[in-house]
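Input: a single structure, listed below in structure tokens.
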Amino acid sequence: MLQQTQVATVIPFFLRWMERFPDFASLAEADEEEVLRLWEGLGYYRRARSLRAIARRVMDDWGGNLPRDEEALLALPGVGPYTAGALLSLAFNVDVPALDGNVERVMTRLRDQDDPVDRPPAKRELRRQIEELIPTGRARDFNQALMELGALVCLPRRPLCPTCPWRDDCLALRRGTIEARPVKSPRPPQEKLRALTLLASREGAYLLVRHHRDERWAGLWEFPTVDDDGESLAVWLDAPRITWTKRGTVSHAFTRFRRTLTVFSCQVGQVRDGESPFGSRQTLWVRPEGLNDYPLSAGSRKTRDRWLAPEG
DNA sequence: TGTCCACGTCT
DNA sequence: AAGACGTGGAC
């Protein structure tokens, strides 16, 4: 969960998750729908499916225990260099680095490193430097301390240098380049998207469609949403007899996009077979009180909370 | 109802 | 290698 997601965000999800899946066995047996529902709102949903796949593999191939071996850990889905290092050092106290964003910041400042940290050469160099610093047999404490230092003291903006235990050793502090570290490659500009979302109701139930497993938001559900042309929906909805009512807009951001959804509601009459613009995607009619049972992507979640929440 | 930034893995 | 993958928070 902590991959790409900050601790404060993770905590409530983690507590719910651990209550439902206290061990690999319970997670391995769970169905994907439930796993995604508990992950709903955390983002990067591939992590949820990877975690379930890991649980199954740990049960099947490793006798229910995580392997204490870098190569075996890296072979698990969703486990990269950071996670492998974190597991080895924090769980098994093996003397290897756990290089996350916090540690990158601490180390590039300590050494006043100005290579872009999102490129492999800089990462290799940082790992090498950390290896030299790990006190033999103390990687668990050392790595946690380094991550905490980054999270609590060596902040991205306005770091608390006067209280830092490394203030006398920090090259960037001495040179006045603290706020300029770490250096990152320029990012592509944000793109704006517009789309239409339809609250289509029939006998008090609302239509949901499911994202394919190879799409964005794989496995999650949403209210029918199309790029801002509306034509494919109009076909499907028996257009001439539909009255569309504009409800308002919601916005959400993902990766490098920011998308504004214009939400319409309508009553749907007869749905004709073979005219769905959703192809082979699953569809479902759900009453408002049942909407919490399906994991929704962010735009549809905001739509639900605004217009279909039980109390509203 | 803005813009920018934070956060690892996979392809 | 460069882009895909989502959400929340600071300003």
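Since this is a predicted model, take the numbers as computed values, not measurements.
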Taking the ring centre of each residue, are W217(A) and F254(A) less than 6.0 Å apart?
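For W217(A) and F254(A), the ring centres are under 6.0 Å apart.
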Taking the six-membered ring for Trp and the full ring for Phe, Tyr or His, determine whether the centres of F13(A) and W17(A) are under 6.0 Å apart.
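Not close enough - the centres of the two rings lie 6.0 Å or further apart.
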Which nucleotide wins on minimum distance to the side chain of [X], given the candidates [options]?
X: R258(A); options: dG2(B), dG8(C), dT7(C); answer: dG2(B)
X: R46(A); options: dG6(C), dT9(B), dC10(B); answer: dC10(B)
X: Q6(A); options: dG2(B), dT7(C), dA6(B); answer: dA6(B)
X: R105(A); options: dT7(C), dT9(B), dA6(B); answer: dA6(B)
X: N102(A); options: dT7(C), dC7(B), dT9(B); answer: dC7(B)
X: R157(A); options: dA6(B), dC11(C), dT7(C); answer: dC11(C)
X: R301(A); options: dC11(C), dT9(B), dT7(C); answer: dT7(C)

Have a look at [X] and say if it touches a base, only the backbone sugar-phosphate, or nothing, with a 4.0 Å heavy-atom cut-off.
X: K302(A); result: nothing
X: T83(A); result: sugar-phosphate
X: Q4(A); result: base
X: Y44(A); result: base
X: A8(A); result: nothing
X: K184(A); result: sugar-phosphate

How close do L171(A) and R111(A) get, heavy atom to heavy atom, and via which atoms?
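In this case the closest contact between L171(A) and R111(A) is CD2-O, 3.7 Å.
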Can you give me the closest heavy-atom contact between N143(A) and A98(A), atom names plus distance?
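Scanning both residues, the minimum pair turns out to be ND2-N, 3.6 Å.
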Does a side-chain N-to-carboxylate-O contact under 4.0 Å join [X] and [Y]?
X: R52(A); Y: E34(A); answer: no
X: D112(A); Y: R181(A); answer: yes
X: E132(A); Y: R128(A); answer: yes

Return the value, rounded to whole Å, for the distance between atom [atom1] of [X] and atom [atom2] of [N].
X: L42(A); N: dG9(C); atom1: CG; atom2: C1'; answer: 15 Å
X: E179(A); N: dC5(B); atom1: CD; atom2: P; answer: 13 Å
X: H252(A); N: dC4(B); atom1: NE2; atom2: P; answer: 19 Å
X: F254(A); N: dA4(C); atom1: CZ; atom2: P; answer: 10 Å
X: E40(A); N: dG6(C); atom1: CD; atom2: P; answer: 13 Å
X: L220(A); N: dC5(C); atom1: CG; atom2: P; answer: 13 Å
X: L2(A); N: dG8(B); atom1: CG; atom2: P; answer: 8 Å
X: F257(A); N: dA4(C); atom1: CZ; atom2: C1'; answer: 8 Å

With DNA chain B as reference, determine whether S251(A) or K123(A) sits nearer its 5' end, using the nearest nucleotide of each.
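So the residue in question is S251(A).
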Residue whose nearest DNA chain C nucleotide is more 5′ - P121(A) or T9(A):
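First, find each residue's nearest nucleotide; the 5'-ward one identifies P121(A).
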Pairwise 5' ranking along DNA chain C for R119(A) and L296(A), keeping only the more 5' one:
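In this pair, the answer is R119(A).
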Should [X] be listed as having a side-chain N or O under 4.0 Å from OP1 or OP2 of [N]?
X: K192(A); N: dG2(B); answer: no
X: Y45(A); N: dT7(C); answer: yes
X: Q3(A); N: dT9(B); answer: yes

